[in-house]
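One structure is given here, and the rest of the page talks about it.
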Amino acid sequence: MKRFFYICTFFVALVALSACGSKDKGIYPFEEETKYLIVRLQGSDKWSVINIENGDIVAKNAISGMPSAVHEDMFYVYDTETARINYYNVKDCSKPVNSEPYCSATSFNGGYAVACLPGEDLQVIDKNCQTVKKLPPSINSASMFLGDLAIVKDDMGLSGFIDTKGDTVISPRLGLANAFLFDDAALVSESQVADTSAVSSLVVIDKKGEKLFDFDSEKYLPINRYFINGSLKVMLAKDQKIVYLDKKGKETGDTLVLPKKIRDVNYRDVKHVGNDRYMVIKGDRMGLVDNNNDTLIGINYDGIVNLTPSRFIVAQDSVMMIVDEKGKQVGKAKFVDFIDSNNFEEAAGRGYVNPAKVAATMLQLFDKDAVFNVRKGATLMEINQAVGMDPDQYVGATDLTGPLPPLIFTYHFDREIASVKAAAPSDSIVAAAQPAAQFNYNAVVRGVTLQYPVRECKPGTEEEILQLITQQMGKKGFGMNDDGSFTSDDGCVVVMGYEKGVFQINYYFNASEKKPLPRVSR
């Protein structure tokens, strides 16, 4: 149940910041609000589809693989045995919409998705799974569409944007790009090297790629990756005070001012979820109140997730159900798991790789004394941009994983990333007289893991990548050890391996911590 609580508080934090001044629309990252929810009912190992408006089960135990959420009546299912993906419409969960299975895909948004057939280039597809346009071979990954744009990455890891027609809007020239999620401004990096940690080259751009302002990384640290209602939440590097920047880079006030009746209560956390309703946390219990602090959903649940302004998931003792804004159960279904309808981090990868380019990309990400520009002794504070905005989801965790599609990276720390401790409120949104989770910004990075999936590639691809990287390790300042690992003059160690179609590099700052990786061919 703790896992659910961390997930839901993070989600609440995300959507709440976008809700200021809005009614039913505009607080969710998708074109349409959630209509259907995919859940795993009590006692079942399969997935079902629920109509959240009336609570009816429209497809009971109909899904065997790993499904996505339903968007615009469409969802996809990943078959773990075949590593293939098929799209379905909720009106018929028995027959795929696509004629050929895909090897990677995203959810639909605004009527379009990005998908890829094995061995082929990425393509934009419509809801009939018909090709709108194939993307250039130089594009190796693409996110789902948000704000009518998708983030694409080329073989060197540089980012750009395409529209729903598949046309390039901003060419891949950015070291880092965040989506135009809730607004028409985005935080990006002008660095010509793919990088998720350095903040020195951050700028804010509009949807045409025009610069709105340079982000002053010496003065500010980004807390939120997205502009919401015209402002970006940041922290002053000097005194760790929370402030907001407008689209001209000027400090502005918080876009959400809590009603006095809510501010006066010692809630651990308060988040606006639209329609003058507020998700509240008191102690370790969650509930929903209105503008006058009148209780709508009793503050006695382990967790709450808002699906729409009038539909919520509540959890108690590992069992969940859908309720309305007054806490009344909608339908009779009870479930133990669900697919988050507001996951917007999806990306599809190209159906093949060029081993030489994969090797070059991975070699570019580390040196004899640094990986992702992170050096020995670096702390969480220095890579704060990679962290979500709510510490609850990281309590007890010592690893921090993030996507750099198709690459996946994981930072490993010497202690918990976040912990629960008594603390003063960090900003005006939170009135936290009770113990609250806080980031441990002094946590030190021990090492980094880089993973590159090549499941769809021909057998032997992993071995070829390993050979190509090995040939260049001397130029990177590393010498080979008897066990096949590499050590630099600075004492950093690189270990490489592969298994089940995933090529992996472990980068250690301390040689004594290195562990071997398997090298298992497909």
Side-chain angles (χ1 to χ4, degrees), residues 83 102-105 114-123 134-143 151-160 172-177 191-197 347-368 370-373 401-410 447-478 480 484-486 494-507 517-522:
Y102 297 103
C103 61
S104 63
V114 180
C116 187
L117 293 169
E120 295 192 10
D121 294 313
L122 289 159
Q123 56 183 284
K134 286 192 174 183
L135 302 184
S138 59
I139 300 301
N140 68 22
S141 71
S143 73
I151 300 172
V152 295
K153 291 183 181 293
D154 66 12
D155 285 314
M156 299 308 294
L158 295 177
S159 300
R173 56 178 173 80
L174 306 169
L176 169 70
S191 168
Q192 291 300 301
V193 177
D195 185 13
T196 63
S197 58
R350 193 175 53 195
Y352 61 92
V353 299
N354 181 322
K357 289 184 177 180
V358 172
T361 297
M362 300 194 80
L363 283 163
Q364 192 179 41
L365 297 176
F366 67 89
D367 215 327
K368 63 179 182 178
V371 56
F372 279 141
N373 285 341
T401 299
L404 186 63
L407 186 72
I408 299 172
F409 65 90
T410 302
V448 178
T449 292
L450 310 174
Q451 293 182 317
Y452 202 111
V454 291
R455 298 182 184 93
E456 302 307 324
C457 306
K458 63 181 181 181
T461 299
E462 301 94 316
E463 289 84 350
E464 189 173 350
I465 294 172
L466 176 64
Q467 183 179 14
L468 290 167
I469 293 178
T470 297
Q471 293 170 354
Q472 299 298 316
M473 289 299 285
K475 296 180 181 179
K476 301 288 289 187
F478 288 84
M480 180 181 282
S485 64
F486 297 84
V494 167
V495 178
M496 294 186 285
Y498 44 86
E499 188 176 18
K500 297 181 179 179
V502 177
F503 187 88
Q504 180 168 322
I505 292 178
N506 285 349
Y507 190 104
L517 285 172
R519 294 181 179 180
V520 182
S521 301
R522 285 175 289 151

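- Between the side chain of Ser143 and the main chain of Ile151, a donor-acceptor pair closer than 3.5 Å is present.
- The shortest distance between side-chain heavy atoms of Asn140 and Val353 does not fall below 4.5 Å.
- Ring pair Tyr498/Phe503 is parallel by interplanar angle, where below 30° counts as parallel and above 60° as perpendicular.
- Within the 3.5 Å criterion, the main-chain N or O of Asp367 finds a donor-acceptor partner in the side chain of Tyr507.
- Listed for the Arg519 side chain is a donor-acceptor partner under 3.5 Å among the backbone atoms of Met496.
- Within the 4.5 Å cutoff, side-chain heavy atoms of Gln123 are placed close to those of Leu117.
- Partners of Gln504 under the side-chain hydrogen bond (donor to acceptor under 3.5 Å, both in side chains) rule, at least two apart in sequence or in another chain, are Gln451, Asn506.
- Listed by first then second residue, pairs satisfying salt bridge (charged side-chain N to carboxylate O under 4.0 Å, His left out) with a partner in residues 348-360 read Asp155-Arg350, Asp155-Lys357, not counting sequence neighbours.
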Verify side-chain contact (heavy atoms from CB on, under 4.5 Å) between Tyr352 and Asp121, making sure each step is shown before the conclusion.
CA-CA 8 Å; Tyr352 61 92; Asp121 294 313; 2.4 Å; yes
Could you go step by step and tell me if Val152 and Val114 meet the side-chain contact (heavy atoms from CB on, under 4.5 Å) rule?
CA-CA 10 Å; Val152 295; Val114 180; over 6 Å; no
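- The shortest distance between side-chain heavy atoms of Ile469 and Ile505 falls below 4.5 Å.
- At a threshold of 4.5 Å between non-hydrogen side-chain atoms, the residues Gln364 and Met156 count as touching.
- With sequence neighbours left out, the side-chain hydrogen bond (donor to acceptor under 3.5 Å, both in side chains) criterion links Lys134 to Glu120.
- With contacts defined as side-chain heavy-atom distances shorter than 4.5 Å, the pair Ile465/Val454 qualifies.
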